[in-house]
Amino acid sequence: MRLLRKLGLAAAACLLLADAAAADTIVKWLHIEANPAQVKIWEEVARAYEASHPGVKVEMQFLENEAYKAKLPTILQSKDRPNIIYSWAGGVLKTQIEAGVLDDITEQVKGYSDSLTPAALAAFSANGRVYGLPTALSQVGFLCNKELMAKAKVDPAGIKSWDDLLAAVKTLKAAGVTPIVVGGADKWPLHFYWTHLAVRIGGKPAFDAALRGEDSGFAGETFQKSGELFKQLVDLQPFQNGFLGFKNPQAVGYFGDGKAAMTLAISTVYHLQRALAADKVGLSEDKICWFDFPVVAGGKGAPTDTLGGITGWLVTKGSPKEAVDFLKYFVSKDVQTRLAAGNFIIPVVQGADAGLNNAFMKLIAANLAKSNYHQNFYDQSLGPSVGRVVNDVTAEIAGGSMSPQNAAKAIEAAWKQGN
């Protein structure tokens, strides 16, 4: 009898445990962040959320940038897909909305969304509906190594025009310094040159006209000229040996190791280069400088126009309500202020920029604040199929296998086909 009673109690305990397990809500969060210092903060935030929300578990999953882009369409079709995914917004987001793989979270973020920078929130909205939450802004520009620039007697503050940049490359090469490092194997770091030149040459009007198919679209003068100027740079052989075989993390580490004078990169690389340097120390603040992408003679773009990203998070179809709740917790003033104070992000929550305590991050924030035209990365803005062509042809110009004219025509053909 006593044995039966014990067995009964054990069975009841098992049922209670099973009920508890069944009550647990798991929020799967897929990210691409390679900087362990930032991920550590994210993990702490996730654990704090779990502590204040019993029964909810936040599972963090990581995929490397390129693997993420390649696998995401398949992942989104899976029944076991993650609930929260990383996004660069733009045309890729539009494609995902049309595919019906995202949740409309408009009602769940009412009121809360008023705390976000309007332009950043707009990037994650479509037709008046909200599909995700932005988390950070970034700018593309030249990070430089003060010591190597000084060795060649190049003043980064004096690089204002495209011709200034070409002259600096020649001077650095003559001094035995590798001018620029780039992750050519990933292609998108090379598209920064072509895209930024288009921003400088034609400004927002040229991009908008191309979207409408006017002035020969992306095969027009602005985009052909951007390829021609990029080829001017390529012909000087400014990049490290074997640049087309370098993945971006390898290139960022190469810059952090002090092996190249410059890298055209997203502002977050300022911090990331330390994590990816061989010694995990990288270049200290006093050894890094920055200059905005140079202007082009006769260009119609304003010097204050910026290229960069508005990154954030999307919630996939059928996710538990806790996924949005956690996102609101994660993209909060407290967490954003903490990440800003760690020099990880230019925040999107109003008031969180008070956390910025670093001259470099304050500079980027000021640049973005005075920019009237912030162009999202073309490979995201134009959608996955056209973006892939942009990256491919830019890499082909860099490798010498395609002319700037044919590159522009290929992009226009891809745009027409998809629109």
Side-chain angles (χ1 to χ4, degrees), residues 88-90 116-123 134-146 149 155-162 164-165 168 180 189 191-205 207 226 252 255 262-273 283 285-296 299-312 336-337 339-378 380-381:
W88 294 270
L116 302 174
T117 303
L121 181 65
T135 190
L137 297 165
S138 65
Q139 181 188 358
V140 170
F142 279 97
L143 282 165
C144 47
N145 181 316
K146 286 183 181 178
M149 298 293 264
D155 178 11
I159 303 175
K160 300 293 187 185
S161 71
W162 185 249
D164 291 336
L165 178 65
I180 305 172
H191 111 290
F192 288 163
Y193 290 89
W194 184 86
T195 306
H196 224 320
L197 282 164
V199 168
R200 290 287 183 256
I201 294 164
K204 190 174 190 294
F207 183 70
S226 63
V252 172
F255 178 74
M262 299 179 280
T263 184
L264 181 61
I266 306 169
S267 47
T268 50
V269 166
Y270 171 83
H271 212 71
L272 185 60
Q273 54 88 20
L283 300 177
E285 288 179 25
D286 60 334
K287 291 182 180 177
I288 294 187
C289 47
W290 167 277
F291 60 92
D292 293 334
F293 195 90
V295 298
V296 172
K300 296 175 183 174
T304 53
D305 289 347
T306 48
L307 171 71
I310 302 171
T311 55
Q336 287 253 304
T337 301
L339 289 168
N343 305 318
F344 295 111
I345 64 166
I346 305 296
V348 296
V349 174
Q350 292 165 18
D353 56 351
L356 295 173
N357 56 18
N358 170 282
F360 174 79
M361 298 298 281
K362 287 179 178 178
L363 168 67
I364 302 301
N367 285 349
L368 292 168
K370 66 189 178 189
S371 170
N372 291 318
Y373 170 36
H374 183 66
Q375 174 59 54
N376 193 7
F377 309 120
Y378 273 27
Q380 296 299 318
S381 185

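For the atom pair CG of L368 and OG1 of T304, the computed distance is 11.0 Å after rounding to the nearest 0.5 Å. We find the OH-OG1 distance between Y378 and T195 to be 6.0 Å, quoted to the nearest 0.5 Å. Here the straight-line distance linking atom CD1 of I364 with atom CD of Q139 works out to 4.5 Å at 0.5 Å rounding. Atom CG of L143 is separated from atom SG of C289 by 8.5 Å, given to the nearest 0.5 angstrom. The CG atom of D292 lies 9.0 Å from the OG1 atom of T306; values are rounded to the nearest 0.5 Å. Separating the CG atom in D305 from the CG atom in N367 is a distance of 12.0 Å, to the nearest 0.5 Å.
Closest non-hydrogen pair, P294 versus R200, comes out as O-NE, 3.3 Å. For the residue pair A120 and V348, the shortest heavy atom distance occurs at CB-CG1, 3.8 Å. Taking each heavy atom of P303 and V295 in turn, the nearest pair found is CB-CG1, 3.9 Å. Contact detail for N376 and S381: the closest heavy-atom pair is O-CB, 4.0 Å. Smallest separation of non-hydrogen atoms from C144 and M262: CB-CG, 4.0 Å. The minimum heavy-atom distance between H271 and G342, with the atom names listed, is CE1-O, 3.4 Å.
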Go through the steps to decide whether F142 and I159 satisfy the test side-chain contact (heavy atoms from CB on, under 4.5 Å), and finish with yes or no.
CA-CA 10 Å; F142 279 97; I159 303 175; over 6 Å; no
Could you check M361 against I346 for side-chain contact (heavy atoms from CB on, under 4.5 Å), going step by step and ending with a plain yes or no?
CA-CA 7 Å; M361 298 298 281; I346 305 296; 3.9 Å; yes
Begin from the C-alpha positions of W88 and S138 and carry the test side-chain contact (heavy atoms from CB on, under 4.5 Å) through to its verdict.
CA-CA 11 Å; W88 294 270; S138 65; over 6 Å; no
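Within a 6.0 Å radius of CG in D286, more than 12 heavy atoms belonging to other residues, nucleotides or ligands are found. Enclosure of atom NZ in K160 is not indicated, since only 12 or fewer non-hydrogen atoms of other residues, nucleotides or ligands lie within 6.0 angstrom.
Of the possible donor and acceptor atoms, none in the side chain of Q375 sits under 3.5 Å from a partner among the backbone N and O of K204. Formation of a donor-acceptor pair under 3.5 Å by the Q273 side chain with backbone atoms of L283 is found in this model.
Between Y193 and L264, the closest side-chain pair of non-hydrogen atoms falls below 4.5 Å. Put simply, the side chain of H374 reaches to within 4.5 Å of the side chain of I310, judged on heavy atoms. The shortest side-chain heavy-atom distance between I266 and F192 falls under the 4.5 Å cut-off. D353 is not listed as a side-chain neighbour of K362, based on a closest heavy-atom distance of 4.5 Å or more. Here the side chains of P134 and L116 are in contact, with some heavy-atom distance below 4.5 Å. Using a 4.5 Å heavy-atom threshold, the side chains of N357 and N343 count as touching.
Between Y270 and F360, the ring-plane angle classifies as parallel under the 30° and 60° cut-offs. Taking the six-membered ring for Trp and thresholds of 30 and 60 degrees, F293 and H196 have nearly parallel ring planes, at less than 30 degrees apart.
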